[in-house]
2 protein chains.
Amino acid sequence: MKTIALLFKLNIIFTTTISAKHTTTNWISMKRNRISIKDISKALGLSNTTISFILNGKAEEMRISAQVAARVLAYVKEVGYTPNYLARGLVTGKTNTIGFIVENIGNPFFSQIASLIEEQAYNNGYKIIYSSTNGEKAKALELIRMFRDRGVDGYILCPTEGLEEEITQLREENRPVVLFDRYLPAVDSHYIGISNEDAMYNACKHLADKGKKHIALITTDSQQTQMLSRLEGYRKLLKERNLTAYILSVPYEERRERLQLDLENFLENNGIIDGICFATNYLAVGGLEVLRRNQIKIPSHIAVVAFDDNEALRLFQPGITAVAQPLEDMAKLIIDRLLIDLKLGKVTDKTFHKELPARLIVRESTG
Amino acid sequence: MKTIALLFKLNIIFTTTISAKHTTTNWISMKRNRISIKDISKALGLSNTTISFILNGKAEEMRISAQVAARVLAYVKEVGYTPNYLARGLVTGKTNTIGFIVENIGNPFFSQIASLIEEQAYNNGYKIIYSSTNGEKAKALELIRMFRDRGVDGYILCPTEGLEEEITQLREENRPVVLFDRYLPAVDSHYIGISNEDAMYNACKHLADKGKKHIALITTDSQQTQMLSRLEGYRKLLKERNLTAYILSVPYEERRERLQLDLENFLENNGIIDGICFATNYLAVGGLEVLRRNQIKIPSHIAVVAFDDNEALRLFQPGITAVAQPLEDMAKLIIDRLLIDLKLGKVTDKTFHKELPARLIVRESTG
DNA sequence: AATTAATGTGAAAACGATTGCCTTATTGTT
DNA sequence: AACAATAAGGCAATCGTTTTCACATTAATT
């Protein structure tokens, strides 16, 4: 027992610090106040070259004397110089920026992996520029081009369908690309994902092993590879157990609006269903709401398995068994792979295509 | 069922362009293949100036003849020229980029608002660079500086404590800043948030109205304004109803690890508690797990209200009443405000300080 | 016819780095 | 003493734009 209560001082701590600086310039221009290499070289009676070499750790290599180097570094620290990345990028063609394109950053799956990728990128000196496609090809294309125009060094993409040409193009231009979550069969590119077929197979198997005979798959009609593989996994299990398939395929474009109604109809028309696999997280969340509204008992009446795990599922009562993707591992592989190409300065010829195993988190204790 | 397969012509479109320049270098360098203004002016027998003016819509203003303009635009479209933003940024000092700093993009509250902000920014021609502070001042400072070095035009910050000087500095340099979720009392800056005190007051009131007499607040020891205000709201209601305060203040730094144990102890030592307000979303999620593990009946034994609404709470059974922040409105206000300063080219003297009302979503039907 | 005023363009200087190639000591060799 | 080799740094071009002037036509004015 500790904590509790406490006095909360409404802190006025900082009032002193605020006033002092920038008294002379009543200028209204911004940016002009930043110190540049030229300022440094002038102040120290050296050349830009020398400063630049020292700043880039090439002092020895370029035979700059240790004293000069020390003097420069000291001065740089003193005046708090930091390089202008735009200028540097202009000449080097590198920006230390990675373009990160997801379907929707508001989706927990993407935001979590984003969080992990961001951290790793950051640790390697890279910043992230991100944007969401909402699954629209047009937006995705626009984003890729915009990123290119801004000189991002590499791309992490959750591709929409129809991006084949553009991605091929990127690779031809020697711009490192890593796809994740899904890939494009017609394009040879690095890809990190999970073994969706196995994962879904296991998920369904779990239901079957619990004695469920009429297992449905709730999915979308999108042709994204991860969805197709999950479908395959479902099919495989059904075939193995000689079960009938019940598939509800919600139109991808209207997945938000239609899910609820479509699912209700589907269940009504297929009263025999006693198990459901949701092929992705938003379907699971929306679907569980429907089940609840219709007072369907889980898992006795219908048992449920969801793809992707997250807070919502973790807290759901009764426990929902879920397929958890190894987010940390994926993030690490993605970044590592991208960094290899980035360091190399060109796209490697052999593409890396890795599918990690997913983990089935069994939650319902009661059968 | 359609698609799949297709033939993707491995386009050789660019091979011509690539060879022409830098023939000497049999370099494998990238980027050199992009067409520049200079290429255009050369090809069309015009000057860079003319091209630039036309491209920037200043053709009329600069009295470029309509025919020339048309010719240039046609050619530009034909060769698919797009400007190099780095070069442009170097001279204009603008990058059309907004730095977006949140506590953790993996947190649904932040990722959802990020999604909304991104969309609005995008519609206004701005891109987002984002990063997470994890609540650490040092990381926040580093990020702000990194963003500055990259020449972002404006900042959207969810500030940690201790950022007063840096933010003041930004404003003095005329760099637009908008804070959200919380603000820094010692700094005069734009801020968009919700009326936390009222929101928490109403949340607690809801519990009190349901007859709860021993209402606890689960919060952190952070001095962030939004947390302090929520505490005030809680205090206000208790005072009004003449109730005793039960406050569990989890150390902010160890909020993940300690919450569960601290909460269990807290409840054990205060068996009389019959209502709980969670001051923020991760506390609610973690806390509800504890309540469930301890088989505490909600709301009959302990009634619960959570701050922030999200999928997890929406799905939780029994329904958990929650304080929902008006994310869309906040996002819109944030962007609008930032755009005003951005268009203006300088920081407006009067700061905008807006607290939107939050909505209490009552969920438990049974009392 | 000469001057002025529009019109349309272009030259060149930024912006702030990076980098290939020089220049000048200084030291070492024979 | 003459010359090469090395050490320590500097010059200036370059990246791709934007933007300030200046210049060259042509049309209009007096």
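Only this structure's heavy atoms are used, side chains among them; waters, hydrogens and symmetry mates stay out. Here the structure is a predicted model, which means the values were calculated and not measured. To find a chain, count down the sequence lines: A is the first, B the second, and so on, and within it residues start at 1.
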With the threshold set at 4.0 Å, does a side-chain nitrogen-carboxylate oxygen contact exist between Asp149(A) and Arg34(B)?
yes
May I ask you to decide if the ring planes of Phe180(B) and Phe100(B) are parallel, tilted or perpendicular, using 30° and 60° as cut-offs?
parallel
Could you give the CD1-to-P distance, from Ile40(B) to dG16(D), as a whole number of Å?
12 Å
Without decimals, in angstroms, what is the distance between Lys94(A) NZ and dG16(C) P?
23 Å
Is the shortest side-chain N to carboxylate O distance from Glu119(B) to Lys332(B) below 4.0 Å?
no
For atom CD of Glu61(B) and atom C1' of dA6(C), their distance in whole Å:
16 Å
With no hydrogens and no angle check, just 3.5 Å: does a side-chain donor-acceptor pair link Arg148(A) and Thr82(B)?
no
Side chains of Asp188(B) and His353(B), donor plus acceptor under 3.5 Å:
no
When you check the phosphate oxygens OP1 and OP2 of dT17(D), does a side-chain N or O of Tyr81(B) lie under 4.0 Å from one of them?
yes
Between Arg88(A) and dG16(C), is there a contact of a side-chain N or O with OP1 or OP2 at under 4.0 Å?
no
Residues from residues 141-148 of chain A lying under 4.0 Å of DNA chain D - heavy atoms
none
Within 45° of the axis and under 6.0 Å from the centre of the six-membered ring of Tyr122(B), does NZ or CZ of Lys139(A) qualify?
yes
Take nucleotides 7-14 of chain C nucleotide by nucleotide from the 5' end and write B, S or -, depending on whether a protein heavy atom sits under 4.0 Å from the base, only from the sugar-phosphate, or from neither.
BBBBBB--
Cation-pi check, Arg88(B) to Tyr85(B): give yes when NZ or CZ is under 6.0 Å from the six-membered ring centre and within 45° of the ring axis, no otherwise.
yes
Short side-chain N/O contact from Thr92(B) to OP1 or OP2 of dT18(D), under 4.0 Å
no
Take atom CD1 of Ile37(A) and atom C1' of dG10(D), then tell me their distance rounded to the nearest Å.
14 Å
Would you kindly give the NZ-to-C1' distance between Lys58(A) and dG20(C), to the nearest whole Å?
11 Å
By the 4.0 Å heavy-atom rule, please label Ser36(A) as base, sugar-phosphate, or nothing.
sugar-phosphate
May I ask you to check whether Thr160(B) and Glu136(B) show a side-chain donor-acceptor distance below 3.5 Å?
no
Length of the line joining Asp149(B):CG and dA17(C):C1', which is rounded to integer Å
13 Å
Quick test of your reading of the model: are Glu166(B) and Arg171(B) salt-bridged, counting only N-O distances below 4.0 Å?
no
Atom CD1 of Ile51(A) to atom P of dA17(C): distance rounded to whole Å?
11 Å
Rounded to the nearest Å, what distance is computed from the OH atom of residue Tyr85(B) to the P atom of nucleotide dT17(D)?
11 Å
